[in-house]
Amino acid sequence: MREIGVVASYSRSFEAPILVYKGVEGFVKEESLAVIEDIKFKRMYLGVLRSTVKLDPLLTTSYRSAVIEKPELAEGGLDIPYETVYVKIIGEFTGNRIEPATTPPTPRSKVYLIESPRDLNLDLGSGLVIGVHKYSGVELPFKSEALRYHVAVVGTTGTGKSRLVKALVDEVLAKTNMSVLVFDHTGMDYTPYWPDKTVRADEIVLDVETITEGLKLAVGAVEKLIEDYVPIALMEYIICESGRRDLCEQWRNFIKYQKNLPDISREEIEKLTINVSSSRAWNPSKLAGYVNNTAMYFGAKPATRLKLPLYITLFAGHYIERLNSMRYSVDELVEKLHRDKLLVVDLSTVETETRRVIVKRFLERFLGDYY
């Protein structure tokens with residue numbers, strides 16, 4: 001270790017101001033690891049260097065200096081400035097472990113810079129290696145058991161949050177039997193790392209309720225009319241356009257006579273929806289026709305039967321065409337996740353409400369497996 005200074009007055013249990021020795025300023029870098037040796041009370045502290053400041057007692061903004069009239073005087077006092085830095089205290093050494101510090105280090109305690117992993121006689125435990133300290137080379141372990149709880153990675157833009165998560169995911173895949181599901185809300189944070197493990201959110205099959213909500217957002221008007229007629233029309237569209245003629249006839253009789261609801265499961269509806277998408281059968285004009293027929297069977301006013309199909313055709317065309325991309329059910333993707341151990345869902349391709357639905361459905365599937 002390299003001795004770099006001493007603790008100054010006003011040290012606290014969470015930070016200590018340091019007076020840096022002359023000649024070692026070049027070694028003092030922000031975020032370097034440091035050890036404080038409190039000889040008086042036989043304590044050792046581990047911390048991180050922060051808030052480095054260079055000071056000149058003869059040049060302050062509070063007092064007038066002769067330098068402003070005679071700039072050449074500045075060159076005559078180059079040895080006068082000195083440097084201070086703070087040690088943000090991580091904890092106190094207890095044997096070869098670190099515990100929270102309860103008392104501040106004594107002023108005049110010596111401070112040492114950790115320049116190598118050999119300088120730190122500390123048992124950090126074993127587990128996942130999420131990084132290496134950039135100056136000391138100390139590996140930073142992370143217990144895999146902690147992943148059973150919430151883990152937050154917090155920082156401003158560009159500080160390396162995504163890279164840290166990526167390192168954590170790589171370690172999990174390499175050293176555990178866990179599977180990892182990643183939701184990438186921007187499509188730029190994690191998708192570039194694992195493009196061959198990525199599925200776009202618009203490729204995931206949506207249920208009738210979610211498609212209805214998407215149409216409401218796309219149209220931006222007549223929401224009540226959409227809620228009344230579109231879900232039933234969508235069911236007819238999915239069943240009939242998928243080629244199930246027997247089931248199509250049953251559903252149309254149900255709409256016409258409003259009795260004898262066909263027996264069909266959620267899983268079967270998902271399969272039929274994927275069939276419609278795979279044949280690229282989602283068409284705004286055709287869907288508008290189904291909506292018009294549904295509205296007619298349920299006694300809608302003539303104005304409603306004109307307005308609703310018109311709005312769908314004019315304003316929801318792009319959304320409806322995009323439904324042709326759907327080709328995976330959540331159940332299929334969960335099975336893929338178990339096989340491949342990693343799945344990235346690029347949520348940037350769908351709207352916020354659809355993102356919530358997709359995440360919710362994955363969670364429901366996992367909770368169903370758990371219980």
Side-chain angles (χ1 to χ4, degrees), residues 185 199-244 247-248 251-252 254-255 258 261-262 264 266 268-330 345-362 364:
H185 285 264
V199 172
R200 297 196 320 271
D202 60 359
E203 295 178 308
I204 300 175
V205 66
L206 303 177
D207 56 27
V208 167
E209 181 181 359
T210 305
I211 295 174
T212 302
E213 290 298 317
L215 286 171
K216 284 165 60 176
L217 290 173
V219 170
V222 295
E223 289 188 7
K224 183 64 171 63
L225 298 179
I226 290 177
E227 290 174 356
D228 287 343
Y229 305 115
V230 168
I232 299 172
L234 281 171
M235 282 294 297
E236 182 184 5
Y237 193 95
I238 291 168
I239 292 170
C240 296
E241 292 299 319
S242 67
R244 284 291 304 275
L247 195 55
C248 177
W251 186 263
R252 284 176 171 167
F254 164 68
I255 295 176
Q258 298 178 32
L261 177 66
I264 183 170
R266 177 185 65 83
E268 190 171 1
I269 293 171
E270 282 190 344
K271 290 178 182 178
L272 297 179
T273 304
I274 292 174
N275 288 342
V276 174
S277 299
S278 61
S279 59
R280 303 197 63 81
W282 287 101
N283 180 278
S285 299
K286 189 178 290 187
L287 179 59
Y290 276 80
V291 172
N292 178 55
N293 290 337
T294 300
M296 179 186 68
Y297 278 124
F298 284 91
K301 296 178 182 178
T304 297
R305 292 174 53 198
L306 287 173
K307 233 183 345 183
L308 193 51
L310 178 64
Y311 280 32
I312 289 174
T313 304
L314 290 178
F315 303 116
H318 175 72
Y319 178 81
I320 295 169
E321 292 282 359
R322 199 181 70 192
L323 298 177
N324 287 310
S325 300
M326 297 188 297
R327 57 191 180 124
Y328 299 114
S329 69
V330 169
V345 179
D346 179 2
L347 293 173
S348 67
T349 61
V350 295
E351 300 77 11
T352 301
E353 189 56 42
T354 304
R355 297 180 191 183
R356 294 193 185 105
V357 171
I358 290 173
V359 172
K360 177 174 177 286
R361 289 174 62 194
F362 271 100
E364 287 174 344

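Atom set for the values below is all heavy atoms of this structure, side chains included, hydrogens, waters and symmetry mates excluded.
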When the side chains of residues 310-319 are checked against the rest of the protein, which donor-acceptor pairs come out under 3.5 Å, sequence neighbours left out?
unit_1	atom_1	unit_2	atom_2	d
T313	OG1	P309	O	2.8

Show me the side-chain donor-acceptor pairs of residues 204-225 shorter than 3.5 Å, one per line, residues at least two apart or across chains.
unit_1	atom_1	unit_2	atom_2	d
D207	OD1	E209	N	3.4
D207	OD1	T210	N	2.7
D207	OD1	T210	OG1	2.5
T212	OG1	V208	O	2.8
E213	OE2	K216	NZ	3.2
K216	NZ	E227	OE2	2.7
K224	NZ	D228	OD1	3.0
K224	NZ	D228	OD2	3.1

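Side-chain atoms of T294 never come within 3.5 Å of backbone atoms of I232 as a donor-acceptor pair (strictly under, hydrogens ignored).
When side chains are defined from C-beta on, I255 does not count as touching N293, because their heavy atoms never get closer than 4.5 Å. Side-chain contact check for P284 versus E321: some heavy-atom pair is nearer than 4.5 Å. Proximity of L247 to L272: side-chain heavy atoms (C-beta onward) are separated by under 4.5 Å at one or more points.
Here the straight-line distance linking atom OG of S278 with atom NZ of K271 works out to 13.5 Å at 0.5 Å rounding. Here OG of S242 is found 8.5 Å from CD of E268. Values are rounded to the nearest 0.5 Å. Note that the CG atom of N292 and the CG atom of L287 stand 11.0 Å from one another [nearest 0.5 Å]. Summarising the geometry, atom NZ belonging to K301 is positioned 14.0 Å from atom CG belonging to L308; distances are rounded to the nearest 0.5 Å. The distance from the CD atom of E241 to the CG atom of N275 is 12.0 Å, given to the nearest 0.5 Å.
When the side-chain hydrogen bond (donor to acceptor under 3.5 Å, both in side chains) test is applied to S348, the partners found at least two apart in sequence or on another chain are D346. Take F254 and apply the side chain to side chain contact (heavy atoms under 4.5 Å, CB included) test, not counting sequence neighbours, and it matches W251, L261, P262. The ring-ring contact (aromatic ring centres under 6.0 Å, His included) check on F298 picks up nothing, with sequence neighbours excluded. Checked against salt bridge (Lys or Arg N to Asp or Glu O under 4.0 Å), K307 has no partners two or more places apart in sequence or in another chain. By the salt bridge (Lys or Arg N to Asp or Glu O under 4.0 Å) test, R355 pairs with no residue at all, sequence neighbours left out. Every side chain to side chain contact (heavy atoms under 4.5 Å, CB included) that R280 has, sequence neighbours left out, goes to N324. Applying the side chain to side chain contact (heavy atoms under 4.5 Å, CB included) criterion to S325, with sequence neighbours excluded, gives R200, D202. Scored by the salt bridge (Lys or Arg N to Asp or Glu O under 4.0 Å) test, R305 finds no partners at all (sequence neighbours excluded). For K360, the salt bridge (Lys or Arg N to Asp or Glu O under 4.0 Å) criterion is met by E364, not counting sequence neighbours.
Y297 and Q258 share no donor-acceptor pair across their side chains, judged by distance under 3.5 Å alone.
Heavy atoms only, all atoms of each residue included: C248 and I239 are closest at N-CG2, 3.5 Å. The shortest non-hydrogen separation linking I320 to W282 is O-CB, 3.4 Å. Residues A201 and T349 share a closest heavy-atom pair of N-OG1, 3.3 Å.
A salt bridge links R361 with E270: at least one charged nitrogen is closer than 4.0 Å to a carboxylate oxygen.
Sequence neighbours left out, the pairs with a member in residues 229-240 that pass side-chain hydrogen bond (donor to acceptor under 3.5 Å, both in side chains) are E236-R252.
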Next item on the list: Using the side chain to side chain contact (heavy atoms under 4.5 Å, CB included) rule, take I274 and M326 through it: C-alpha gap first, then chi angles, then the decisive distance, then the call.
Entry: CA-CA 6 Å; I274 292 174; M326 297 188 297; 5.6 Å; no
Next item on the list: Evaluate the criterion side chain to side chain contact (heavy atoms under 4.5 Å, CB included) for residue pair E351 and R356; output intermediate values, then yes/no.
Entry: CA-CA 9 Å; E351 300 77 11; R356 294 193 185 105; over 6 Å; no
